[in-house]
Amino acid sequence: MIENLVIVESPAKAKTIEKYLGKEFHVVSSFGHIRDLSKKNIGIDIENNFEPDYEVPKEKLKVVNELRKSASNAKNIWIASDEDREGEAIAWHLAAVLDLDIDNTKRIVFHEITKEAISNAINKPRTIDMNLVNSQQARRVLDRLVGFEISPVLWKKIQPALSAGRVQSVAVRLIVEREREIISFQSESAFRITALFIIKNDKGEESVIKAEASKRFRKEEEAKSFLELCASSNFEIDSVTVKPGTRVPAAPFTTSTLQQEAYRKLGFSVAQTMAVAQKLYEAGKITYMRTDSTNLSKLALLKSKEVIVAQYGEKYSKTRQYKTKSKGAQEAHEAIRPTYPDNAAVTGSQNEKKLYDLIWKRTIASQMADAEVERTTIAIGMNNSPVTFNASGEVVKFDGFLKVYSESTDDDSGESEKALIPEVRKNMPLTYKKITADQRYTTPPPRYTEASLVKKLEELGIGRPSTYAPTITTIQNRGYVLREERPGEKRDVRILTLEKGVVNSSKRSELFGKEKAKLFPQNIGIVVNDFLMDNFPEIVDYHFTAAIEEQFDKIAVGKIEWTNMLGEFYGPFHESVKKALEKRDRKIGSRTLGVDPKSGEEVIVKVGRFGPVAQIGTTEGGNKARFASLHKNQLIETITLEEALQLFNLPRNLGELEENEVIVDTGKYGPYIRHSGKFYSLKKGVDDPYTIDLGRAIEIIREKREAEKQKVIKEFDDILVLNGRYGPYISKDKKNYRLPKGCDPKKLTKEECLDIIEKANKTKK
DNA sequence: CAGTGAGCGAGCTTCCGCTTGACTT
């Protein structure tokens with residue numbers, strides 16, 4: 001018999017708590033939720049006032065059985081799930097599954113994991129808060145209704161296995177709408193004027209000032225006349241202002257800000273950040289990594305202060321507590337911080353070390369003094385023009401928290417260099433060394449990265465720390481969006497320079513539109529989004545979650561009844577589902593491009609069974625239509641008639657080589673040449689399947705044959721020693737074997753090969 | 001490795017939020 005059984009959500013938490021509680025207490029974990037709505041019949045008896053049908057899922061049976069065993073052996077049971085809506089529901093489900101009396105079940109919460117906090121909690125148990133539980137039930141049931149009633153509409157109207165939901169559909173909408181802004185963006189250019197001035201101080205020492213003109217010029221001629229004006233102008237200092245300022249450290253990490261910074265500073269994907277953080281948490285090195293709170297425990301504040309004072313001195317320390325800003329935050333946990341702030345570094349993998357370092361610095365910096373800066377702005381006037389040249393510089397007078405850490409930003413323009421401004425006074429004269437007018441293009445709004453999408457969702461109050469990473473995975477798995485790179489395109493920009501009274505013009509080529517790890521909407525994502533916007537505008541509204549969260553809050557304080565709230569939502573919602581199903585909207589998401597000049601038939605593009613496709617003619621009335629798949633990166637929305645028609649020009653027969661046809665076509669893995677049963681890939685960015693000729697095709701075939709010849713180093717019956725991408729290896733029965741270090745492949749014998757194969761097979765077992 | 005788009009019909013897909021492994025490459 002155990003005296004006291006404490007149930008928490010996380011096994012790592014169970015382990016640490018058990019240390020504080022001593023022998024009288026046995027601490028176990030539920031591993032999160034233990035019951036969920038059944039998948040049969042939507043899991044809700046809608047007619048019967050939304051009665052939920054809960055069941056223990058198969059993969060939870062083992063945990064639940066162990067909990068039952070422990071519970072039946074315990075005198076007292078304490079349920080210590082997290083102090084938020086979901087935690088309260090977990091407590092209630094536990095009580096139900098373990099046959100506990102709801103009114104007498106001891107419910108406790110830990111605000112921080114210290115001996116004092118834990119014994120305080122044990123001394124003041126409460127009972128389960130059914131209002132809070134009901135607000136969770138409302139949340140759960142509503143999400144199921146939305147997801148399981150809309151998704152089947154998509155299967156019927158668009159494609160099987162698609163999905164829609166309160167969170168994922170808004171995430172997709174954000175990406176689709178951003179893409180449309182980019183598509184419709186009209187880039188404009190103007191000439192930006194920058195100057196290098198020389199100024200002499202009283203001692204005759206020269207220094208350089210970099211400044212930008214207050215005006216930009218749309219036309220090259222205008223920029224040129226301005227430079228000519230500069231050539232004959234007298235410049236002097238118009239004004240000097242020196243302003244003191246402060247910079248304050250960023251709040252400690254939440255899940256969302258950790259994902260953003262780990263992406264910006266370390267290049268981690270959102271999922272990668274969470275996996276590395278999980279490792280650190282399980283090793284007891286950081287606090288819980290799924291949190292929306294910026295709060296630090298008293299102990300953490302104290303320990304951080306000790307570290308700062310010891311390492312940097314008293315004046316670098318400033319204890320502060322941060323208010324959580326994000327909408328709908330439930331603050332069941334602390335901010336993400338080092339468990340022991342006096343450990344500035346940890347052992348582990350490279351990524352664990354890097355992420356820990358980031359968390360340590362952010363936490364410590366958050367408890368450090370403001371940085372003090374001095375910002376100098378000067379204006380340089382011209383005697384023959386109202387235009388001024390402005391320069392600004394910043395000097396850090398006291399570094400404060402900047403000694404340890406400064407937050408990065410999302411804009412990657414990299415033009416925030418803070419120059420040092422020499423000491424100058426009003427009316428001092430300057431001479432120009434060089435003045436440049438360069439053509440600058442305006443840029444469209446940036447595409448989302450995984451991390452900036454998380455930031456946006458958090459701002460809208462959509463999704464929770466535990467779901468940001470899975471949501472991003474889901475919308476990619478459904479094919480709605482794809483994380484991609486784009487090489488960018490080149491364009492010419494004009495440059496005018498004024499030096500020694502002479503204006504010269506030149507041009508330079510710049511790259512624009514280069515993208516790395518950005519989220520691009522795919523055709524199916526756009527079609528689904530438009531369908532949802534047409535039929536379920538209230539669900540994909542950016543304020544929908546915030547609005548229903550208000551209702552959940554009212555349920556949580558007992559102001560309204562949860563099933564009434566669901567009833568009010570479901571009535572109109574279900575009507576829109578019915579209407580969407582009844583609508584006779586053929587060809588959802590298809591676009592008519594025009595008429596094929598050869599056949600006179602209509603050309604359309606749509607999402608077909610196997611993806612986006614162009615179609616000439618119709619299949620109606622037994623007609624045969626012709627089909628051609630769209631290329632990757634071609635959008636139904638933007639493809640032109642010419643581009644679509646070109647898709648039908650493949651496959652092409654280029655002629656003959658060695659009495660066999662040479663065919664060029666494009667397949668699953670891009671464009672290729674087919675010749676006597678063999679395939680040869682075209683070179684990316686070099687060869688175009690629509691224009692390639694026989695000569696070049698033969699060249700590609702010969703090249704590959706040559707490479708194949710060099711591939712075989714040795715041959716013993718069915719054993720081959722081959723040259724691969726990663727160096728020489730042995731191949732037998734379609735299995736590959738690595739060569740031992742320092743082994744010369746040219747001197748291998750058959751016996752040695754067999755020996756290597758045998759050894760490799762042994763170690764595998 | 002290297003497309004496909006006839007038609008019928010059975011059976012399946014799907015949500016969000018709380019937790020970790022048990023799998024394979």
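In what follows, chains carry the letters A, B, and so on, assigned in the order in which the sequence lines appear, proteins first and then strands, with residues in each chain numbered from 1. Quantities reported herein were computed from a predicted structural model and do not represent experimental measurements.
Other residues, nucleotides and ligands contribute only 12 or fewer heavy atoms inside 6.0 Å of the NZ atom of A:K456. By the neighbour-count criterion of 12 heavy atoms within 6.0 Å, atom NZ of A:K157 is densely surrounded, having more than that number from other residues, nucleotides or ligands.
The listed nucleotides are B:dT14, B:dC18, B:dT20; the one nearest the side chain of A:M289 is B:dT20. When distances are taken from the side chain of A:V167 to each of B:dT13, B:dC16, B:dT20, the shortest belongs to B:dC16. For A:R478, the listed nucleotide lying nearest its side chain is B:dT14; candidates were B:dC16, B:dT14, B:dA2. Checking B:dT19, B:dT14, B:dG17 against the side-chain heavy atoms of A:T467 singles out B:dG17 as nearest. Distance from the side chain of A:E282 is smallest to B:dT20 among B:dT20, B:dC15, B:dG17. Checking B:dG17, B:dT20, B:dC16 against every side-chain atom of A:E86, the shortest atom distance belongs to B:dG17.
Where A:R674 and A:E9 meet DNA chain B, the nucleotide closest to each residue was compared, and A:R674 sits on the side nearer the 5' end.
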Table of protein N/O atoms under 3.5 Å from nucleotides 5-7 of chain B N/O atoms:
| from | atom 1 | to | atom 2 | distance (Å) |
| --- | --- | --- | --- | --- |
| B:dG5 | O6 | A:S629 | OG | 3.3 |
| B:dG5 | N2 | A:R609 | N | 2.6 |
| B:dG5 | N2 | A:F610 | N | 2.6 |

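Rounded to an integer number of Å, the gap from CZ of A:R144 to P of B:dC16 is 11 Å. The separation between A:N477 atom CG and B:dT13 atom P is 16 Å, rounded to whole Å. Rounded to an integer number of Å, the gap from CG of A:L37 to C1' of B:dT14 is 13 Å.
Using a 4.5 Å heavy-atom threshold, the side chains of A:L647 and A:L630 count as touching.
Under the stacking definition used here (centres under 5.5 Å, planes under 30°), the residue A:W155 fails to qualify as stacked on the base of B:dT14. For B:dC1, the base is not stacked against the aromatic ring of A:F679, per a cut-off of 5.5 Å between centres and 30° between planes.
Cation-pi geometry between A:R144 and A:F148 is met: under 6.0 angstrom from the ring centre, within 45 degrees of the axis. Under a cutoff of 6.0 Å and an axis angle of 45°, A:R173 and A:Y542 form a cation-pi pair.
Under the 3.5 Å distance criterion, with hydrogens and angles disregarded, no donor-acceptor pair is assigned to the side chains of A:Q646 and A:N649.
A perpendicular orientation is assigned to the rings of A:H33 and A:H93, their planes being inclined by more than 60° (bins at 30° and 60°).
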Read 5' to 3' with Watson-Crick or G-U pairs under 3.5 Å, [ ] for crossing pairs and | for partners on another strand, DNA chain B gives .........................

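Listed pair A:Q278 / B:dT20 meets the phosphate criterion, a side-chain N or O lying under 4.0 Å from OP1 or OP2.
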